[in-house]
Amino acid sequence: MRISLHASLLVAITLTGCGDDRHDERLRAAGPDPSVEALQKVADADAGARKFRTCAACHTIGKGYQDRGGPNLYGIFGRPPGQNSARYGYTAALRGAGGRWDARRLDAWLADPARVVPGTTMQFPGVPDPLDRADLIAYLRSQSD
Ligand code: HEC
């Protein structure tokens with residue numbers, strides 16, 4: 001009993017640890033109260049790829065991959081909201097959001113989708129850590145032609 005409890009604790013620690021993504025070091029390098037742009041300078045697309053696992057329940061990102069509960073996200077960076085995947089049934093709320101998915105827009109969206117686009121069906125509480133969001137954005141940016 002004692003041994004298996006110990007073993008499962010170790011597994012839990014290994015799974016929740018973010019690996020060596022130098023999170024705190026990179027956050028310090030971005031300066032005090034960093035802007036979205038400052039965070040993009042220290043963002044790590046590989047770390048973002050690992051963090052994308054949270055999104056993968058609903059999104060594929062490979063080019064030409066099928067939509068899941070959410071639309072395929074290949075090439076999303078710089079595109080207008082709600083138009084990237086031709087076959088996906090976006091909400092009118094997202095289609096009517098206007099503008100483009102730049103780093104600022106994506107940052108706000110990933111922090112709290114329902115606040116940025118009221119009526120969206122992206123049922124996701126948001127990513128609270130700004131550097132985690134920056135890593136995800138760097139990854140999304142890297143997945144395009
Ligand atoms: C529980 C399912 C779910 C999860 C988890 C989820 N999403 Fe979504 N996402 C959706 C749905 C559904 C939509 C379409 C919303 C709409 O049409 O209003 C969407 C839309 C988006 C869009 C806009 C796509 C476009 O073409 O304009 C982006 C960007 C996005 N999600 C990124 C992410 C990222 C990054 C994560 C992980 C941090 C994530 N999502 C997690 C379901 C999810």
Side-chain angles (χ1 to χ4, degrees), residues 4 7-145:
S4 67
S8 52
L9 268 177
L10 268 180
V11 169
I13 289 164
T14 317
L15 285 178
T16 51
C18 290
D20 183 23
D21 75 359
R22 296 170 31 250
H23 178 280
D24 296 351
E25 189 187 328
R26 290 190 290 130
L27 195 56
R28 268 196 304 278
D33 198 12
S35 64
V36 171
E37 290 75 16
L39 286 166
Q40 277 304 294
K41 291 198 179 116
V42 299
D44 178 346
D46 290 338
R50 291 192 293 276
K51 290 166 191 173
F52 191 78
R53 268 181 258 160
T54 331
C55 323
C58 302
H59 292 288
T60 57
I61 189 148
K63 186 174 190 176
Y65 280 36
Q66 287 198 339
D67 302 316
R68 291 199 174 136
N72 171 262
L73 293 177
Y74 184 83
I76 192 71
F77 193 91
R79 295 270 300 154
Q83 295 178 30
N84 193 49
S85 178
R87 293 172 306 267
Y88 187 77
Y90 291 98
T91 57
L94 190 63
R95 274 189 279 114
R100 288 186 184 277
W101 285 125
D102 59 14
R104 265 177 194 270
R105 248 3 235 306
L106 282 167
D107 179 72
W109 169 256
L110 295 179
D112 189 351
R115 205 170 68 99
V116 174
V117 182
T120 181
T121 43
M122 175 151 143
Q123 303 288 344
F124 184 68
V127 177
D129 183 298
L131 186 57
D132 287 350
R133 294 198 298 273
D135 289 347
L136 282 162
I137 293 164
Y139 177 58
L140 292 176
R141 201 172 194 162
S142 74
Q143 299 302 299
S144 63
D145 290 325

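Bear in mind the structure is a predicted one, so any value in this text is a computation, not a measurement. The analysis underlying the following values was restricted to heavy atoms, covering all of them including side chains, and did not include hydrogens, waters or symmetry mates. Position 1 is the first residue of the sequence; numbering continues from there.
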I'd like to check [X] versus [Y] (side-chain heavy atoms, cut-off strictly below 4.5 Å). Are they in contact?
{"X": "H59", "Y": "P71", "value": "yes"}
{"X": "R87", "Y": "D67", "value": "yes"}
{"X": "D129", "Y": "H23", "value": "yes"}
{"X": "R79", "Y": "S144", "value": "no"}
{"X": "W109", "Y": "L94", "value": "yes"}
{"X": "I61", "Y": "L140", "value": "yes"}
{"X": "V127", "Y": "K51", "value": "no"}

Original post:
With sequence neighbours left out, what residues match F52 under ring pair (Phe, Tyr, Trp, His ring centres under 6.0 Å)?
Top reply: Y139

**OP:** Mind checking ring pair (Phe, Tyr, Trp, His ring centres under 6.0 Å) for Y88 and listing every partner two or more places apart, or none if nothing turns up?
**Re:** Y90

Original post:
Would one find more than 12 heavy atoms of other residues, nucleotides or ligands at under 6.0 Å from atom CD of E37?
Top reply: yes

Original post:
Does atom CZ of R68 have more than 12 heavy-atom neighbours, drawn from other residues, nucleotides or ligands, at distances under 6.0 Å?
Top reply: yes

Judged by atom type as modelled, is there a donor-acceptor pair below 3.5 Å linking the side chain of [X] to the main-chain atoms of [Y]?
{"X": "R133", "Y": "P128", "result": "yes"}
{"X": "Q143", "Y": "G62", "result": "no"}
{"X": "T60", "Y": "N72", "result": "no"}

Do you know which two heavy atoms are closest between [X] and [Y], and how far apart they sit?
{"X": "D21", "Y": "A47", "answer": "CB-CB, 4.0 Å"}
{"X": "A93", "Y": "P118", "answer": "CB-O, 3.5 Å"}
{"X": "P81", "Y": "R105", "answer": "CG-NH1, 4.0 Å"}
{"X": "A43", "Y": "A134", "answer": "CB-O, 3.5 Å"}
{"X": "L136", "Y": "C55", "answer": "CD2-SG, 4.1 Å"}
{"X": "V117", "Y": "A97", "answer": "CG2-CB, 4.3 Å"}

Original post:
Once you round to the nearest 0.5 Å, how far does CZ of R104 lie from CD of Q40?
Top reply: 11.0 Å

Original post:
In Å, rounded to the nearest 0.5 Å, how long is the span from CG of L73 to NZ of K63?
Top reply: 15.5 Å

Original post:
Considering the options D132, D107, L27, which one meets the side chain to side chain contact (heavy atoms under 4.5 Å, CB included) requirement together with L39?
Top reply: L27

Original post:
Under the criterion salt bridge (Lys or Arg N to Asp or Glu O under 4.0 Å), which of R50, R22, R26 is the partner of D135?
Top reply: R26

